[in-house]
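Encoded as structure tokens, the structure appears first; notes follow it.
Ligands are counted one by one from 1 in listed order, and the atoms in each one are counted from 1 as well.
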Amino acid sequence: MSVELGEQILVYLDKVSEVDTLKLSHILSEDHQKIVGAVKSLQALGDVIGVEQQTNKSWELSSEGKFISESGSHEALIFNAIPQEGISQAELMKSVPNSKVGFSKAMSKGWISLDKCSGKVFKKVETITDEVKDHLNLIQNGQYDKVADNFKLDYKKRKLLQETITKTFLLKKGINFCTSVSKPETDLTPEMIATGSWKNKTFKPYNFDALGVFPASGHLHPLLKVRTEFRQIFLEMGFSEMPTNNFIESSFWNFDALFQPQQHPARDAHDTFFISDPSLTDSSKFPPDYLEKVKKVHSKGGYRSQGYQYEWSVKEAQKNLLRTHTTAVSARMLYKLAHEKQFKPTKYFSIDRVFRNETLDATHLAEFHQIEGVVADYDLTLGDLIGILYEFFKKLGVTQLKFKPAYNPYTEPSMEIFCYHNGLKKWIEVGNSGVFRPEMLLPMGLPEKVNVIAWGLSLERPTMIKYGLNNIRELVGPKVNLQMVHENGICRLEK
Ligand code: PHE
């Protein structure tokens, strides 16, 4: 605030009981907005002044009105331009601006007369009072009340002035009124405390209505928000989370444990990123008994299966790779479960990153997130799988599902999952599922009667649908607009 202007206002207010800011702006010849600014600062000092908002009608001269207030009305100019001996109408009309209006007004006021024969105009009266000019001058000075309303309306019609509505403030003395103010302190500094000078200072009170500065903080990426929702669903359904903190996996757990033959095309370097250094996992890291059983089930069969009948190579199983699915984690966890003292029905889930050497396009990247659910219990059937999928998707707000037979080396039967998306009005493929094969589970040592059902989805797909993105590059990678991460909404699934 300019302390000066604030003090000028206080000094004026000291002499009167109340004053309006618009009036003050005339008295102090200061812009009204500046007066209002100074008043707001005075208000912040606490009860020095009382402030009451008012709506005021005021009048403002148009440029034509301003011309009249300075030079006289058009009719007065006409009158003054007429010499004692009269003047020809044509000449008179050329001598002053706005002569047409001026002439007819002067005629109707009876100030002048026109001699039709000679075409000359004469003054009809000695003197005139230029009421219009006087009125406009009063208005110019803010003395609106001194001009009767009918005149103001007439001048408004003549476009000499316009009405404006201004918000002003009526000022009165407050309880702590005084005429001098010092600029209040906004901060308490260490120096003030050290010297004790704070005792004699006034401090600006907090303005709790002020908009705060948006705190600089982290923002969750949409993938993390949707991930949280899925996690919540699994937790509500009694699933516990598997540790997925190993992007690098051996072929053994990623493929062999899952009864995926070593010649399977998905193991090809076109689909899998193999690690070059270290390229192999030490075979002693694989449980030796289990390794033998996996080798046997692949090469010779067992558990009423004839296996694949090929030469299984431990070298192939040792190859390191970036895991191609989180089912590798599920395999490790099921092996662990099989080695618990006593089998306990179990529900596991995971949501984490997997890697595939895919051709990149608008919906595919070489890495994405998988959401995986696994249930191990006695005598589970395909019906249980279908039932739990309905339950799971219902929590996402999806009630219509369709299943299509599919093939996975590790599940039989296997089903692709389709859901009807109400927003998109179509069936979309959302995941893959199945009942894990005995050739996978029995070598691990799980009891014969235990079945394991499982399903997997991508996290990116529902996120893109939820956030209306149609290119995955808007979601992941160097082209992501950080503002999008800043501004995207919270994730609410239509439960
Ligand atoms: N691992 C499968 C995939 O990558 C998903 C899946 C998980 C399928 C569990 C069946 C059972 O697509």
Inventory of protein N or O atoms under 3.5 Å from ligand 1 N or O:
residue, atom, partner, partner atom, Å
ligand 1, 1 (N), H325, ND1, 3.2
ligand 1, 1 (N), T327, OG1, 2.7
ligand 1, 1 (N), Y410, OH, 2.9
ligand 1, 4 (O), R356, NH2, 2.7
ligand 1, 4 (O), Q370, NE2, 2.8

**Request:** Kindly assign one of parallel, tilted or perpendicular to the pair F252 and W312, based on the angle between their ring planes and the thresholds 30° and 60°.
**Result:** perpendicular

**Request:** Assign the ring pair F255 / H325 to parallel, tilted or perpendicular, where the plane angle (0 to 90°) is split at 30° and 60°.
**Result:** tilted

**Test ring pair (Phe, Tyr, Trp, His ring centres under 6.0 Å) applied to H339 - qualifying residues, sequence neighbours left out** = Y335

In a table with atom names and distances, give each donor-acceptor pair under 3.5 Å that connects a side chain of residues 443-454 to protein atoms at least two apart or in another chain.
residue, atom, partner, partner atom, Å
K449, NZ, D379, OD1, 3.3
N451, ND2, L380, O, 2.6

Side-chain polar contacts of residues 198-217 - donor-acceptor pairs under 3.5 angstrom, sequence neighbours left out - could you list them?
residue, atom, partner, partner atom, Å
N207, OD1, D209, N, 2.9
N207, OD1, A210, N, 3.3

**Asked** Do you see a donor-acceptor pair shorter than 3.5 Å between the side chains of N254 and T324?
**Response**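 Yes, because at least one side-chain N or O of N254 sits under 3.5 Å from a partner of the opposite role on T324.
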
